[in-house]
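Within every chain, numbering begins at 1; the chains are lettered A, B, ... in the order of the sequence lines, protein sequences first and strands thereafter.
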Protein chains: 2
Amino acid sequence: MASVQEIDLHATEVYPGTQAVARALALLKAFSDAQPEWALSDLAQAAGLNKTTTFRLLSALEAERLLMRNPLSGGYRLGVELIAIGGTAMRSNPLRAMSRPVLVTLAEQSGEAATLEVQVENCVLVIDEIASSNPMGMTQDVGNRLPIHATATGKVLLAARTDAALAGFLAEPLPALTEQTIVDPDCLRRELARVRQEGVALAVGELEPGFTAVAAPVVDRERAVVAAISVGGPSLRLTRERLPSLAAMVQMAARQISRQLGYWPG
Amino acid sequence: MASVQEIDLHATEVYPGTQAVARALALLKAFSDAQPEWALSDLAQAAGLNKTTTFRLLSALEAERLLMRNPLSGGYRLGVELIAIGGTAMRSNPLRAMSRPVLVTLAEQSGEAATLEVQVENCVLVIDEIASSNPMGMTQDVGNRLPIHATATGKVLLAARTDAALAGFLAEPLPALTEQTIVDPDCLRRELARVRQEGVALAVGELEPGFTAVAAPVVDRERAVVAAISVGGPSLRLTRERLPSLAAMVQMAARQISRQLGYWPG
DNA sequence: TCTGTTGTTTCACGATATGGAATATAGTAT
DNA sequence: ATACTATATTCCATATCGTGAAACAACAGA
């Protein structure tokens, strides 16, 4: 019936007695870079909710400034309060706070931009980014979600998944962002095996043409891969010869952060 | 009874039929830079909610990754999903998108950091920031809330308030952040009158020692002050002699943005 | 003017959120 | 060890609060 693409109302059956909250949050999550503005009816349909219910929830979110309305179109947009809360979330993130000095050193040492990323659903989320000391590289990606299969950090995080979880992910087609993006499931599987073995991932022009990145996993006390860090920059600067030494730096930094998290190798 | 400071559950009576959502959002807003982690009981008490209710709401927020728990203390913290949503909110903010090129020009022209800020409750919220071309100035303040009475942008926004709204604000004591912070209500009132007349606000060492900023209002189609922009930097560089010319630049840039919003002077 | 679409309000119903009480799980002092 | 205190978590009967159909209002296009 719904012709508009469906938003998943979170298959994971939620806590009992939180329907309204879960629905409100699902509505919030419907907003994205691709669709930053929603009309009430469309959003109601996409979320599979009654129009009245949607209206009431959106009104509550608007009253709290988490949403705002476009005065011209009447459409809903994410509000300023979310920028504030997001900023607080960023600054209070313990992983970010721990990693920052290491990232700064890594960026200086490598002369490239360094990032800290975690997995959120089937994307990697940029938690922190230290700009390259070399000018240009102004990516400003903090808070951005990137496709997990086309990034070095993403591959590191994917490599840590169980075969079952991986199979589920690979069941759906992988979008190609560039000519180089790995879209063949078997090809990606082999790549991930390599990543798992070597403890480093590369992405050469797979996210965007001319951009190369090297990533390594951050491991916590329970030996779970909780994040990945990377250095990245123009492929012209991150030449094939430099990659091994960059990989070593990234791995070293990642191990340093892991140790702070209580991870002890062996 | 409640010895912990109370969180205001939003005096403005909310939309009927959204109690749970409003409460959940109030819980989210309880997290701040000053108090980034809450124990269940404390938060329940501060929000004036039953412990069970609080637990259920927090669980729902945690399930959606808007909150996470500190594995050591068991305390609640803002989660990564909020960083993602906050990033989306920032990038999709129309005011920010409009202002950015103007801000970039302003930063180049002045050689200082330029910011765009809006009012949210009794704070100013930094929506965008273009770092100074001169090194140092690395403030990284986007998403940060600053006290409205101690910032140039804040004064601009305060100056636009009605006398009644202002009186309400001035009823409570103004915290001093530095020696220079204006804490006397009458003194601030006079300052705001000046700002209203001249259309520019200054803050010299009022937010932090040695930091000076100049701000001007951004006005929309309905002649409402919706934001303020500023340039700021070390007081040693923003000398008394430079301030008039900087003020002119900021005002020019603000007028440019206002015009894009449909404001037409006269 | 009519018609289709949007956003908004109303309201009766019952599913759903609520909070007291009971239980579990620590952490601290005795 | 044991009792004690302060947490977090589960259970469950109750009625409050969220729900969605329907009706209304405000447009835009034909």
When you get a sec, tell me which of C/dG7, D/dA8, C/dT18 is the closest nucleotide to the side chain of B/Arg56?
-> C/dT18
Find the distance B/Asn50:CG to C/dA21:C1' and express it as a whole number of Å.
-> 11 Å
Measure up the A/Phe31 and A/Trp38 rings against each other and bin them: parallel (under 30°), tilted (30 to 60°), perpendicular (over 60°).
-> perpendicular
Looking only at C/dT6, D/dG20, C/dG20, the nucleotide nearest the A/Lys51 side chain is C/dT6
Write down the distance between CG (B/Leu67) and P (D/dA8), rounded to a whole number of angstrom.
-> 14 Å
Between B/Ser41 and D/dA8, is there a side-chain N or O to OP1/OP2 distance below 4.0 Å?
-> yes
Could you check which of C/dG7, D/dT9, D/dG18 has an atom nearest any side-chain atom of B/Gln19?
-> D/dG18
Measure from the side-chain heavy atoms of B/Ala20 and tell me the nearest of D/dT9, D/dG20, C/dT18.
-> C/dT18
Is it true that atom CZ of A/Arg221 has more than 12 heavy atoms of other residues, nucleotides or ligands lying nearer than 6.0 Å?
-> no
Grab the CG-P distance between A/Leu49 and D/dT19 for me, whole Å please.
-> 8 Å
Hey, are A/Asn144 and B/Arg91 close enough side-chain-wise for a donor-acceptor pair under 3.5 Å?
-> yes
Rounded distance (Å) that lies between atom C1' of D/dT19 and atom CG of A/Leu27 = 14 Å
Between A/Ala39 and B/Leu72, whichever has its closest DNA chain C nucleotide further toward 5' is A/Ala39
Is any side-chain heavy atom of A/Met68 closer than 4.5 Å to a side-chain heavy atom of A/Leu78?
-> no
Nearest to the side chain of B/Arg23, which nucleotide is it out of C/dG7, C/dT18, D/dT19?
-> C/dT18
Taken to the nearest whole Å, CD/A/Gln45 to P/C/dT5 is 12 Å
Side-chain contact check for A/Thr53: nearest option of D/dT19, C/dG7, C/dG19 is D/dT19
Send over the distance from B/Glu62 CD to D/dA8 C1', rounded to a whole Å.
-> 12 Å
Donor-acceptor pair under 3.5 Å, A/Thr52 side chain vs D/dA21 base = yes
Could you tell me the separation between the CZ atom of B/Arg69 and the P atom of D/dT7, rounded to a whole number of Å?
-> 14 Å
State, without any angle test, whether A/Gln119 and A/Arg161 hold a side-chain donor-acceptor pair at a distance under 3.5 Å.
-> yes
Could you check how far CG of A/Leu40 sits from P of D/dC27, rounded to whole Å?
-> 16 Å
